[in-house]
Amino acid sequence: MQQVRNETAKVTWPTRRETVMTGVMVVIMTTILALFFLGVDSILQAIVSALLKLAQ
């Protein structure tokens, strides 16, 4: 247990500001990726729909 305490004492913990900024960046990047994949999915859906109409 003493070794664990010693190692934990060596850890550099992030400040509150760093933690909030990291959380905000995660939300922003997740939103950007969600919009990107929504666009790609919409384009692929349109292509597949067009190809299926041609096959009829």
Side-chain angles (χ1 to χ4, degrees):
M1 283 300 288
Q2 186 62 35
Q3 288 178 344
V4 172
R5 286 188 190 126
N6 289 340
E7 288 300 317
T8 304
K10 294 178 187 177
V11 173
T12 304
W13 297 102
T15 63
R16 182 174 187 83
R17 180 170 163 36
E18 291 172 335
T19 304
V20 169
M21 290 301 293
T22 302
V24 168
M25 290 304 296
V26 167
V27 169
I28 290 170
M29 291 304 296
T30 303
T31 303
I32 291 170
L33 284 172
L35 292 172
F36 170 76
F37 285 119
L38 175 66
V40 169
D41 187 49
S42 297
I43 291 169
L44 291 176
Q45 180 184 8
I47 292 170
V48 169
S49 294
L51 289 174
L52 287 174
K53 284 181 184 179
L54 286 175
Q56 290 181 354

Undergrad: Is there a path of hydrophobic side-chain contacts, each under 4.5 Å between heavy atoms, that joins V27 and L35?
TA: no
Undergrad: Distance from F36 atom CZ to D41 atom CG, nearest 0.5 Å?
TA: 11.5 Å
Undergrad: Is there a path of hydrophobic side-chain contacts, each under 4.5 Å between heavy atoms of I/L/V/M/F/W/Y residues, joining V48 to V40?
TA: no
Undergrad: Quick one: are R5 and T8 in side-chain contact, heavy atoms under 4.5 Å?
TA: no
Undergrad: Is there a path of hydrophobic side-chain contacts, each under 4.5 Å between heavy atoms of I, L, V, M, F, W or Y residues, that connects L38 with M29?
TA: no
Undergrad: Going by atom types only, do N6 and Q2 share a side-chain donor-acceptor pair under 3.5 Å?
TA: yes
Undergrad: Linking I/L/V/M/F/W/Y whenever their side-chain heavy atoms sit closer than 4.5 Å, directly or via other members, would I43 and L52 fall into one cluster?
TA: no
Undergrad: Starting from L44, can I reach F37 by hopping between I/L/V/M/F/W/Y residues whose side chains sit under 4.5 Å apart?
TA: yes
Undergrad: T22 vs M25, test: side chain to side chain contact (heavy atoms under 4.5 Å, CB included). Steps then yes/no.
TA: CA-CA 5 Å; T22 302; M25 290 304 296; 5.7 Å; no
Undergrad: Counting N and O atoms only, with roles assigned by atom type, does the side chain of E18 sit under 3.5 Å from a partner on the main chain of T15, one being a donor and the other an acceptor?
TA: yes
